[in-house]
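The structure under discussion appears below in the form of structure tokens.
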Amino acid sequence: MQVTIRGRTAHCRSVTFDAAHNTVRLIEQRRLPHQFQIVATPDYRATAAAIANMTVRGAPAIAAAAAYGLAQGTRAFRGASLPGLARHARRVCDTLKRARPTAVDPVHAMDEVLARMSAGETVAEQQALALAAAEEFAHRSVADCTAIGRHGAALIRDGARVLTHCNAGWLACVDVGTATAPMYAAQQQGKRFHVYCDETRPRCQGATLTAWELAQQGISHEVIADNAAGHLMQRGEVDLVLVGSDRVLARTGEVANKIGTYTKAVLARRHRIPFYVAIPLSTIDFELASGREIPIEERAPAEVLGAWGVVDRGGPRRTARPGAPVYVRVANPSSGARNPAFDVTPPELIAGIITPVGIFKPRELMRRRGLLAARR
Ligand code: MRU
């Protein structure tokens, strides 16, 4: 998407690869919206660390980072034997997979890279194929998100008020976004609409990242506290809920997404508001038989017990330079916290899954496997 920083506008992807330096280049999402910075990870372990610490986050974005990370690790291999390279690639894959467990996209992206590599007959050929496959994954991810926009834009009528949760925008993908794709497409069609961004505690991806994206694109929006959605729905002030996902089970139609998504789906059903989930094809899991089997990431208690931000100019005490990043402890000092990062929404609460090849009922996905898997 176009990014304007200090009056200069440029097109930007959240994840790219610098082949000359064998580095993965990432927008440092933990600094947004206060600072726009691009960081380069020098090796695959640093790429895995950037995924784990959420320098890069969002299922399709970490998939691209993992695919590039695998290519990066493969290209750093100095041996001459193909079995040696295969063992090395497997180790790289395992390290990248362990970084974050809930999203299935990185697994699919790396499986694709491994499959493409195996056609090479020399180490050099396999290294080149690994990078080509990672680049292809990233390009397809952008094409997928653009297609999601084409299918989903019709759901946003002129004057609509849309609620979204977390950040399923271009930052969470390589470009365009999943839940935001229909918004950007509707904007291009000249529709006017307003977006409520759930703050999305504990890491506040809605308040920081989605709000920044929408502000950059000139889309009318407001941040709301996570607990405000029910009130707005009850007053008839929300017409549509649009979210992304980290894993959609084709066998059951269950959707794993950022913690708090399930709560919003229950509320939407109570108020008869359509609840849609937008996903690229890499998010579909055709294997797991139950949402209970989805590995739900548990993150550090510190995320719940406090909050990150920057020192405000008008703050009560000027202990640090305005604009400096800070973590403040909010909770009672002697209390601990539980921090599940995702939840699972059942299919009966979901009006439709917006994919690059059309909108489907959640329980329809398995029947459409031919179409959905072939395009992946
Ligand atoms: O923990 P995060 O920020 O990586 O989680 C991302 C999400 O859950 C998003 O809401 C999203 O829908 C999935 S990525 C498009």
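Read the numbers this way: they start at 1 and go in the same order the structure lists the ligands and their atoms.
Protein heavy atom closest to atom 7 (C) of ligand 1, with residue, atom name and distance, is Asp246 OD1, 3.3 Å. The protein non-hydrogen atom at the shortest distance from atom 14 (S) of ligand 1 is Ala59 N, 3.1 Å. For atom 6 (C) of ligand 1, the closest non-hydrogen atom of the protein is Arg57 NH2, 3.6 Å. Protein heavy atom closest to atom 5 (O) of ligand 1, with residue, atom name and distance, is Lys258 CE, 3.3 Å.
Checking Tyr184 against Glu213 by side-chain atom types alone, a donor-acceptor pair falls below 3.5 Å.
The ligand atoms of ligand 1 that sit less than 4.0 angstrom from a heavy atom of Pro60 are 14 (S), 15 (C). Taking every heavy atom of Arg100 and a limit of under 4.0 angstrom, the matching atoms of ligand 1 come to 1 (O), 2 (P), 4 (O). Applying the 4.0 Å criterion to heavy atoms of Ala168 picks out, from ligand 1, the atoms 11 (C), 12 (O), 15 (C). The atoms of ligand 1 that sit less than 4.0 Å from any heavy atom of Phe342 are 1 (O), 5 (O), 8 (O). Each of the following atoms of ligand 1 lies closer than 4.0 Å to a heavy atom of Gly244: 12 (O). Within ligand 1, counting atoms from 1 as listed, the ones closer than 4.0 Å to a heavy atom of Met54 are 1 (O), 2 (P), 3 (O).
Annotation: Tyr262, atom OH; neighbour count of heavy atoms from other residues, nucleotides and ligands within 6.0 Å does not exceed 12.
Proximity of Gln205 to ligand 1, defined as any heavy-atom pair under 4.0 Å, is confined to the side chain (atoms from C-beta onward). The proximity of Thr261 to ligand 1, defined as any non-hydrogen pair under 4.0 Å, does not occur for either the backbone or the side chain.
When Asn257, Ile259, Leu171 are checked for heavy-atom proximity to atom 11 (C) of ligand 1, Asn257 turns out nearest. When the heavy-atom distances from atom 15 (C) of ligand 1 to Thr180, Ile62, Thr178 are ranked, the shortest goes to Thr178.
Residue Val243 places no heavy atom under 4.0 Å from ligand 1. For the pair Ser245 and ligand 1, a heavy-atom separation below 4.0 Å is found.
Between Glu28 and Arg30, at least one side-chain nitrogen of the basic residue sits less than 4.0 Å from a carboxylate oxygen of the acidic one, meeting the salt-bridge criterion. A salt bridge does not link Arg269 with Glu348: every distance from a Lys NZ or Arg NE/NH1/NH2 to an Asp or Glu carboxylate oxygen is 4.0 Å or more.
A side-chain donor-acceptor contact under 3.5 Å links Thr146 to the backbone of Val142.
Annotation: His194 is in aromatic contact with Tyr196 [ring centroid separation under 6.0 Å].
Aromatic ring orientation, Phe17 versus Tyr68: parallel (interplanar angle below 30°, classes split at 30° and 60°).
Relative to the ring axis of Phe342, Lys258 places its NZ or CZ within 45° and under 6.0 Å from the centre.
Among the atoms of Cys173, none of the N or O lies under 3.5 angstrom from an N or O of ligand 1.
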